[in-house]
Each structure stands twice: as structure tokens, then as C-alpha cells.
Student: 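Can you read through this structure? Questions will come right after.
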Amino acid sequence: MRSLDGSEPWAVVARDESDRPVGAVLLVDDPDGTTRLIGTDDGQRGAVLAMEPAVGRHLGAAVVRAAVGRARHALDLGPLLPGRVVTGFAAGLGVPELPAASVPLIERTEAGEVTAYLSHGTNRTLRKAHNRLRTDGLAPTVEFSADAGAVVAALPDVERCHRDRDHAHGRVGALDDRVRRGRWHCRMGTLAAAGSLELATLRFGDLPVAYVVGAPDGDTYHLLEGRFITKWARYSPGRLLESAVVQRMLDDQSMVHFDWMTSGAADSLLAMNALQPAVDLRVRFR
């Protein structure tokens with residue numbers, strides 16, 4: 001919420017008869033009159049924080065009442081993971097659950113090596129990258145850090161990598177905008193301080209070439225974002241680093257899923273062998 005600029009956050013909280021919180025929905029009013037779930041602006045999934053469908057239903061009805069009182073003209077609440085609570089929430093909103101694009105996953109099988117999850121073409125790309133590195137005398141290293149201070153200190157390099165990739169494609173960078181750049185730094189710094197982030201970096205010597213930001217959580221490794229410096233594309237640094245991150249997940253026997261987080265560009269992913277369904281909930285008041 002601290003990262004929002006020009007939008008107003010609010011929440012609906014459900015309490016039981018003893019005044020104990022039993023559910024909540026975190027929302028944000030955008031200037032265009034639309035209300036959405038906090039955290040869904042980049043197509044990532046939101047959440048209805050409740051354990052029981054009945055609580056979800058009460059939350060949905062309360063959100064509609066509050067949105068009308070706030071003179072909102074639309075609720076765009078999604079994507080959400082389907083389930084009993086979300087079904088109750090939709091019933092409270094008075095709208096159907098609309099199918100949304102599924103989110104790709106890598107789901108652990110018996111195989112412990114990342115190469116077993118990759119296509120023949122992707123494995124060939126990685127072999128060619130390693131051969132080129134050897135031929136050109138480059139020795140890549142991969143570093144992982146969950147230390148908040150180290151992650152925050154690395155953010156200027158990460159930002160340069162992020163913006164380079166956008167500019168190389170001839171488009172305005174997502175971080176060229178002052179508001180979005182401030183939001184990005186705030187989110188990264190806050191999540192790092194909370195111990196929720198892991199930064200993976202691929203380097204050629206001392207030079208950072210690619211990065212991946214992940215959020216390990218329970219049995220799932222969530223990939224938040226990743227970019228590489230375009231001038232090094234000959235060595236497929238993005239693929240090299242992603243494969244190392246997936247291997248790290250596979251090496252941790254407590255983890256079951258590698259979550260790509262959004263449905264976009266599924267055909268360009270390193271690998272996927274499962275899909276997680278999602279739904280959208282939309283309310284129009286006028």
C-alpha cells in the first residue's frame with residue numbers, strides 16, 4: 001500500500017461475534033473509478049483472506065455496499081484462485097465466476113534434474129550457451145541472496161538490467177515512469193525487509209548479466225520477475241539463470257511447485273507441465 005501513488009487503498013474486514021477477525025479483502029480505488037484487489041495490477045493473483053465460504057459471502061456483500069458508498073462504478077476483482085471461499089465471495093458480490101487465463105507451473109515429478117523438465121530445444125539452447133561461454137573464455141557464476149541488505153544494495157543493478165531489456169525492444173521501459181519506478185523500488189525494498197524475497201544473479205566475472213527475483217513460500221517458489229542485459233543474448237543468460245533457479249527449487253525437497261505467477265507469454269517460458277486455473281469477478285454499477 002505504501003507503493004501506491006494516485007490510488008487509494010481500503011479494506012473490508014469480517015469479525016465474528018467475539019470481535020475476532022475472520023476474513024478480509026484488501027482493495028484499491030484507481031482514479032478511473034475502478035476498484036481492484038491490491039497486488040493484481042501486473043496480472044498477478046489476488047486473494048480473499050478467509051477460511052469459510054460463508055465469510056467470503058459476507059465479505060462480497062460488504063464490498064458491494066462499500067463500493068457503492070464510495071461512488072465507484074466498477075469492481076474488477078481478479079485473477080483469483082477458484083475455490084469454495086471465492087465461490088462464496090462471488091455469491092456475495094452477486095456475479096458469476098468468469099474463467100481467466102490459467103497460470104503455468106512446473107510441478108515436481110520424480111525427476112530431480114531441471115533438464116528432465118525442459119524441451120529438447122531448450123536443452124539444446126543451454127548446451128549451445130555453455131559451449132559458447134567456454135569458447136569465449138567466460139565463466140558464469142550464479143549467486144542467491146535472501147539478505148535484505150544485499151537485495152536492496154543490488155537494486156540499482158537490477159533496475160539497469162530491467163530497463164535495458166525494455167529499451168532493447170524499442171519500448172518505453174516500465175521503470176521509465178517516475179511513479180512506477182517508485183512503486184517498484186518500494187515493493188522490492190519492503191518485501192526484502194520482510195524476508196520474502198530471494199535475488200538470483202548471473203554474473204560474468206564482476207559484471208551482473210541477468211537477475212531473477214523469487215519469493216519462496218511454503219511448498220511453492222514464486223517467480224516475480226527476471227531480465228537480462230541484451231548485449232549478452234548470445235549466451236542465453238536468462239535461460240541459464242532460470243534453469244539454475246528451477247534447479248534450486250528441485251533441490252529443496254519441501255518444494256512442489258515453481259509458479260510463473262502470470263498467464264502472459266506462456267509459450268516463451270523455460271518449462272511448464274501444469275496449469276493453475278483462475279477466475280475473474282466483475283461488477284458494473286452503471
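Source: prediction; values computed, not measured.
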Student: Checking salt bridge (Lys or Arg N to Asp or Glu O under 4.0 Å) against R227, which of D164, D166, D157 comes through?
Tutor: D166
Student: Please tell me if the side chains of L75 and V63 come closer than 4.5 Å, counting only heavy atoms from C-beta onward.
Tutor: yes
Student: So that I can tick it off, tell me whether D41 and R187 are bridged by a salt bridge, with the cut-off set at under 4.0 angstrom between side-chain N and carboxylate O.
Tutor: yes
Student: Is R284 close to R282 at the side-chain level, that is, under 4.5 Å between some pair of heavy atoms?
Tutor: yes
Student: Counting only heavy atoms from other residues, nucleotides and ligands, does the tally under 6.0 Å from CZ of R234 exceed 12?
Tutor: yes
Student: Going by the side-chain hydrogen bond (donor to acceptor under 3.5 Å, both in side chains) test, name the single residue among E143, R160, E225 that passes it with Y211.
Tutor: E225
Student: Can R36 and D30 be counted as an ion pair, charged N to O under 4.0 angstrom?
Tutor: yes
Student: So do the side chains of H185 and L155 get within less than 4.5 Å of each other, counting heavy atoms only?
Tutor: yes
Student: Can you list the residues that meet the salt bridge (Lys or Arg N to Asp or Glu O under 4.0 Å) rule with E113, with sequence neighbours excluded?
Tutor: none
Student: Among residues two or more places apart or on two chains, list those pairs meeting ring pair (Phe, Tyr, Trp, His ring centres under 6.0 Å) that have a residue in residues 231-265.
Tutor: F204-W232, F204-Y235, Y221-F258, F258-W260
Student: Can you see which heavy atom on T230 is nearest to which on R165, and at what distance?
Tutor: OG1-NH1, 3.2 Å
Student: For F144, is the NZ or CZ atom of R248 found under 6.0 angstrom from the centre of its six-membered ring and inside 45 degrees of the ring axis?
Tutor: yes
